[in-house]
Amino acid sequence: MRLIHSGKVRDVYEDRGDLILVASDRVSVFDVILPTPIPDKGKVLTRLSLWWFERLADVVPNHVISATDVPEEFAGRAVRCRRLRMIPVECIARGYLAGSGLKEYERDGSISGVPLPAGLVEGSRLPEPIFTPTTKAPLGTHDEFVTFEQVVAQEGAEVAQELRRLTLEIYRRGAAIAAERGIIVADTKLEFGWSEDGVLTLGDELLTSDSSRFWPAEDWRPGGPQFAFDKQYLRDWALSTGWDKTEPAPEVPPEIVEITRDRYIEAYERITGEKW
Ligand SMILES: Nc1ncnc2c1ncn2[C@@H]1O[C@H](COP(=O)(O)OP(=O)(O)OP(=O)(O)O)[C@@H](O)[C@H]1O
Ligand SMILES: [Mg+2]
């Protein structure tokens with residue numbers, strides 16, 4: 001196996017022409033990796049992603065080949081995938097106002113060129129889910145919103161429309177399932193690519209808390225920052241230490257690690273209805 005890419009929390013290997021996506025227990029807060037891993041996070045998110053891929057396989061073909069045909073040392077936190085020619089657009093669907101979408105809205109009254117009604121606040125539910133693509137930024141820089149027209153210019157009208165349709169369909173289906181279990185999916189990011197035989201295919205990870213914002217529905221109060229399902233204790237704790245959000249981040253004490261691990265597991269159990 002050959003390591004071909006190392007992201008903030010995942011490593012990508014090439015093996016027999018396939019990709020092996022390996023999720024680590026690393027966790028990032030405010031885009032900085034913490035020095036302390038969260039035990040089982042890689043396994044929990046891998047299993048959740050696989051659950052969604054299976055659940056939503058009727059919407060669009062996906063890259064999953066096998067969760068078991070992976071090297072022993074990565075068992076449980078690796079997925080063997082078809083290698084795709086990735087489309088360099090981060091396909092984001094938003095149902096609520098948060099994060100960079102909120103900033104864009106406050107500045108322009110729109111996100112990725114999609115106009116929104118006036119008077120929305122942080123955490124507001126949008127009148128309907130919207131497609132807000134971004135560029136895939138090189139390491140160390142931040143992704144930037146692009147308009148749908150820019151995606152058309154880059155990928156062609158037919159592909160752009162298909163990316164938007166599929167992204168919104170996956171979001172709607174996923175958000176509806178999560179809502180039944182008391183979890184709001186505020187937004188999510190998808191990545192698509194082309195298979196060897198030219199089929200538009202869903203890649204990367206799917207509806208995990210690393211690619212999406214999950215909020216507990218019972219705590220949803222528009223008008224301020226929302227409680228993040230799994231990372232909130234980490235974030236609050238990190239800020240309480242006086243940390244300035246730059247490298248290096250402080251070591252996380254065991255009790256905060258434990259609470260955070262429990263939250264990842266709770267999100268998994270609530271969404272899938274399965275015991276961890
Ligand atoms: N089936 C696939 N074929 C080819 N590349 C893929 C496939 N699925 C995912 N990828 C790519 O693998 C990489 C996964 O890396 P990862 O998400 O860990 O890091 P990153 O996206 O570079 O950075 P970040 O840590 O900010 O997410 C991404 O570049 C993604 O586009
Ligand atoms: Mg990524």
Side-chain angles (χ1 to χ4, degrees), residues 1-35 37-38 41-46 48-50 52-54 56-57 59-67 69-70 74 77-93 99-100 132-146 151 154-155 159 163 166-167 170 187-214 228 230-231 234 245 247 249:
M1 289 218 325
R2 192 166 60 91
L3 180 68
I4 57 172
H5 178 85
S6 194
K8 279 197 290 291
V9 302
R10 286 179 303 163
D11 297 316
V12 183
Y13 294 84
E14 200 253 7
D15 183 52
R16 310 194 308 250
D18 302 330
L19 287 191
I20 310 280
L21 284 183
V22 182
S24 71
D25 290 341
R26 298 191 289 271
V27 61
S28 70
V29 175
F30 305 112
D31 269 345
V32 176
I33 301 292
L34 298 182
I38 304 299
K41 177 188 174 244
K43 287 186 178 171
V44 176
L45 295 201
T46 296
L48 184 58
S49 193
L50 286 164
W52 283 118
F53 273 123
E54 203 179 312
L56 301 176
V59 180
V60 57
N62 65 59
H63 68 166
V64 176
I65 298 173
S66 168
D69 184 11
V70 297
F74 301 137
R77 56 191 185 91
V79 183
R80 176 177 295 273
C81 309
R82 260 177 290 281
R83 189 168 193 167
L84 306 174
R85 187 161 55 79
M86 298 306 282
I87 296 173
V89 174
E90 307 241 310
C91 293
I92 299 172
S100 55
T132 63
T134 68
T135 57
K136 201 160 158 61
L139 205 68
T141 62
H142 283 287
D143 297 346
E144 277 177 31
F145 285 113
V146 290
V151 181
Q154 187 184 306
E155 305 296 332
V159 174
L163 291 175
L166 291 172
T167 301
I170 295 269
D187 49 43
T188 195
K189 183 213 63 173
L190 308 178
E191 291 185 35
F192 294 88
W194 298 103
S195 69
E196 217 162 60
D197 42 357
V199 176
L200 189 58
T201 304
L202 182 58
D204 212 52
E205 61 185 325
L206 186 54
L207 289 159
T208 68
S209 50
D210 277 350
S211 65
S212 323
R213 275 195 182 79
F214 291 155
D230 31 36
K231 278 189 199 172
L234 269 180
K245 302 188 189 173
E247 309 257 10

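For the single chain, residues carry numbers from 1 onward in sequence order. None of the values given here were measured: they were computed from a predicted structure. Order of appearance sets the numbers: ligands from 1, and atoms from 1 within every ligand.
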From [atom1] ([X]) to [atom2] ([Y]), nearest 0.5 Å:
X      : Y      : atom1 : atom2 : result
Leu45  : Lys43  : CG    : NZ    : 13.0 Å
Ile92  : Ser100 : CD1   : OG    : 6.0 Å
Thr132 : Glu90  : OG1   : CD    : 10.5 Å
Ser212 : Trp52  : OG    : CH2   : 8.5 Å

If the cut-off is 4.0 Å to any non-hydrogen atom of [X], which atoms of ligand 1 fall inside it?
X     : result
Gly7  : 18 (O), 19 (O), 25 (O)
Arg10 : 14 (C), 16 (P), 17 (O), 18 (O)
Arg83 : 3 (N)

Indicate, as side chain, backbone, both or neither, the part of [X] found under 4.0 angstrom from ligand 1 when only non-hydrogen atoms are considered.
X      : answer
Arg85  : neither
Met86  : side chain
Glu191 : side chain

Do Thr208 and Asp210 get their side chains close enough for a donor-acceptor pair, meaning under 3.5 Å?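 Thr208 vs Asp210: no donor-acceptor pair found between side chains.
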Nearest heavy atom to atom 14 (C) of ligand 1: which of Val12, Ile4, Asp18 does it belong to?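 Result: the heavy atom closest to atom 14 (C) of ligand 1 is in Val12.
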Nearest non-hydrogen atom to atom 2 (C) of ligand 1 belongs to which of Leu202, Leu21, Leu19?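 Comparing heavy atoms across Leu202, Leu21, Leu19, the nearest one to atom 2 (C) of ligand 1 lies in Leu19.
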Restricting to non-hydrogen atoms, name the atom on Ser28 and the atom on Ile33 that form the minimum distance, rounded to 0.1 Å.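 Looking at all heavy atoms of both residues, the closest pair is CB-CD1, 3.9 Å.
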Between Asp204 and Arg10, is there a salt bridge with N-O shorter than 4.0 Å?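 Judged by the 4.0 Å cut-off on N to carboxylate O distance, Arg10 and Asp204 do form a salt bridge.
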Short N/O distance, under 3.5 Å, between [X] and ligand 1?
X      : result
Leu84  : yes
Lys136 : yes
Asp11  : no

My understanding is that only residues two or more places apart in sequence, or in another chain, count here; which of them pass side-chain contact (heavy atoms from CB on, under 4.5 Å) with Val70?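 Partners of Val70 by the side-chain contact (heavy atoms from CB on, under 4.5 Å) criterion, ordered by chain and then number, come out as Ile20, Ala78, Arg80.
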